[in-house]
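Below is one structure, written out as structure tokens; the observations come after it.
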Protein chains: 2
Amino acid sequence: MDASENTAQGKAKPAQKPRIRDAEATKARILEAAKREFAKSGLGGARVDVIAEKARANKRMIYHYFDSKERLFQTVLENAYLDIRIAEQKLNLDHLDPREALERLVRFTWDYYLKNPEFITLVNSENLHRAKHLKKSETVKDYSRRFVSMVQSILERGVAAGVFRKGVDPVQLNITVAAIGYYYLTNRFTGSIVFERDLMTKEALEERLHFNIDTILRLVAA
Amino acid sequence: MDASENTAQGKAKPAQKPRIRDAEATKARILEAAKREFAKSGLGGARVDVIAEKARANKRMIYHYFDSKERLFQTVLENAYLDIRIAEQKLNLDHLDPREALERLVRFTWDYYLKNPEFITLVNSENLHRAKHLKKSETVKDYSRRFVSMVQSILERGVAAGVFRKGVDPVQLNITVAAIGYYYLTNRFTGSIVFERDLMTKEALEERLHFNIDTILRLVAA
DNA sequence: CTGTCAAGTAACCAGTTAGTGCATTAACGG
DNA sequence: CCGTTAATGCACTAACTGGTTACTTGACAG
């Protein structure tokens with residue numbers, strides 16, 4: 001998306017010429033800042049002025065590129081979903097041993113949530129608003145469909161190999177894989193209080209990951 | 001608001017005399033309205049005026065009884081936690097067959113979330129704020145401690161009876177029981193879009209409950 | 001060099017928000 | 001009855017909010 005490409009010869013400017021005006025870069029900065037701010041405070045709590053400041057942009061730019069706070073949120077959310085789906089696609093679990101594939105999926109989901117904490121908060125925020133923004137996105141549905149069928153094929157291969165039991169619904173499995181990681185992390189603050197232990201130490205995180213892998217493998221085991 | 005009630009005999013009012021001024025009743029109405037409004041819009045999105053209106057009270061009353069929006073939220077949240085813990089206590093799982101006890105716990109958790117959808121949203125909101133309100137509550141910790149040890153004793157009895165395996169951490173189990181219900185319900189809106197099926201039909205809910213019971217029993221099975 | 005258009009800015013606005021000051025009134029003890 | 005106290009209501013504000021108007025400035029084609 002960087003419009004300036006190396007046009008070395010003649011009058012054309014050198015490639016790295018720092019453009020003071022760069023619509024794409026500004027848009028990207030706004031989206032990044034918005035993601036953080038929405039994740040931190042939710043749609044209702046986020047402040048457009050704060051986003052503008054964090055993005056080193058003017059508030060007017062936000063309305064120029066995204067029309068409204070809500071449409072900005074929608075774009076941020078859609079991007080977040082596309083990011084995780086693209087990352088999932090890259091996992092390439094289709095050629096692995098079914099149990100290995102499932103373990104990798106649990107591990108990936110966990111790591112992704114850990115490294116992209118905004119994702120969880122954005123999804124929570126969207127559900128608070130009854131998913132009215134996500135409804136508008138067709139692309140998200142496409143990616144999700146491919147993802148479900150990936151898990152389904154893992155299950156089928158496992159059944160064929162005799163290591164998984166029959167009749168496990170891939171959607172329920174998917175939900176469960178997400179749930180056991182997502183819940184732990186999204187509720188880590190109240191959880192640490194209720195259970196009187198720090199859920200976020202390195203050891204606690206590792207323990208939970210292995211517990212989760214175990215949970216899923218036992219769930220599908222023949 | 002029907003202030004006029006039968007005050008049949010002399011000066012002494014009958015016990016049930018509907019008081020026009022009733023601090024406790026007003027407080028209770030405010031708390032109920034606040035619970036709904038906070039659950040619906042989150043702490044940031046909730047409007048004090050709306051709470052006052054829904055409670056058929058004046059905004060001034062809210063500040064009279066609860067000092068600030070944030071302290072109101074704190075009270076609502078604390079009550080919500082106490083409510084679920086008290087309900088859990090009433091389950092009396094200690095004398096049941098361990099597997100039956102665990103199944104009832106999963107079922108209870110699920111039903112409670114379904115019947116008290118505000119609980120989930122309040123907890124989400126509190127985690128968005130890094131649990132800064134819950135931190136102040138000692139009572140919640142007390143109840144939670146008792147709850148964890150209840151689950152622990154079920155596990156121990158199961159191990160002794162040879163139906164559960166050894167070494168399952170009761171805290172991890174608790175978290176998982178909550179997670180598989182909580183996640184499904186809190187993310188029901190985005191979930192219904194992503195998986196292209198209505199997750200809230202009677203059949204879908206029943207299917208999920210049984211899937212969850214199955215998941216937990218497989219997790220602890222010897 | 002320059003005209004044009006997009007990128008960028010500052011100041012502003014109208015509506016809303018949490019929170020208050022103060023007057024009023026019901027309850028209740030004496 | 002009456003005086004005190006707590007419950008209630010109204011009207012207000014100071015700060016903030018999303019969104020906009022009117023303007024300046026840089027890039028780039030011709």
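Predicted, not measured: the structure shown is a model, and the values here were computed from it. Note on naming: letters A, B, ... go to the chains in the order of the sequence lines (proteins, then strands), and numbering restarts at 1 for each one.
- C:dA10 atom P lies 14 Å from atom CD1 of A:Ile62, rounded to whole Å.
- In summary, the side chains of B:Asn124 and A:Thr186 do not present any donor paired with an acceptor at a separation below 3.5 Å, with no hydrogens or angles considered.
- Remark: P of D:dG18 and CE of A:Met61 are 18 Å apart, rounded to the nearest angstrom.
- Side-chain nitrogen and oxygen atoms of B:His64 include none within less than 4.0 Å of the OP1 or OP2 phosphate oxygen of D:dA6.
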What are the atom names and distances for every N/O pair under 3.5 Å that joins the protein to nucleotides 20-22 of chain C?
from	atom 1	to	atom 2	distance (Å)
C:dG21	O6	B:Arg60	NE	2.8

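- Residue contacts for A:Ala46: at a heavy-atom cut-off of 4.0 Å it reaches the sugar-phosphate backbone alone, with no base atom in range.
- Listed for the A:Ser137 side chain is a donor-acceptor partner under 3.5 Å among the backbone atoms of A:Val140.
- With rounding to whole Å, B:Arg56 atom CZ is found 16 Å from D:dA7 atom C1'.
- In terms of phosphate contacts, A:Thr26 brings a side-chain nitrogen or oxygen within less than 4.0 Å of OP1 or OP2 of C:dG8.
- The minimum heavy-atom distance between B:Leu155 and B:Pro170, with the atom names listed, is CD1-CA, 3.8 Å.
- Here B:Arg47 reaches the OP1 or OP2 of C:dA18: one of its side-chain N or O atoms lies under 4.0 Å away.
- In this structure, B:Asp169 contributes its side chain and B:Val171 its backbone to a donor-acceptor pair below 3.5 Å.
- Judged by a 6.0 Å distance limit and a 45° cone about the ring axis, A:Arg104 is not positioned over the six-membered ring of A:Phe108.
- To the nearest angstrom, P of D:dG18 lies 17 Å from CZ of A:Arg71.
- Under a 3.5 Å cut-off, the side chain of A:Arg188 and the backbone N or O of A:Leu185 do form a donor-acceptor pair.
- D:dT8 atom C1' lies 15 Å from atom NZ of B:Lys27, rounded to whole Å.
- Listed in residue order, the members of residues 126-137 of chain A having a heavy atom less than 4.0 Å from DNA chain D come to none.
- Between the A:Arg130 side chain and the B:Phe189 main chain, no donor and acceptor come within less than 3.5 Å of each other.
- A salt bridge is defined here as a Lys NZ or Arg NE, NH1 or NH2 lying under 4.0 Å from an Asp or Glu carboxylate O, and B:Lys132 with B:Glu70 meets this definition.
- Phosphate proximity of C:dG8 to A:Tyr65: present, with a side-chain N or O under 4.0 Å from OP1 or OP2.
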Begin from the C-alpha positions of B:Arg208 and A:Thr176 and carry the test side chain to side chain donor-acceptor pair (under 3.5 Å) through to its verdict. CA-CA 10 Å; B:Arg208 181 65 189 177; A:Thr176 306; 3.1 Å; yes
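- One can place CD of B:Glu24 at 16 Å from P of C:dA27, the figure rounded to the nearest angstrom.
- The CG-P distance, from A:Asp49 to C:dA11, rounds to 14 Å in whole Å.
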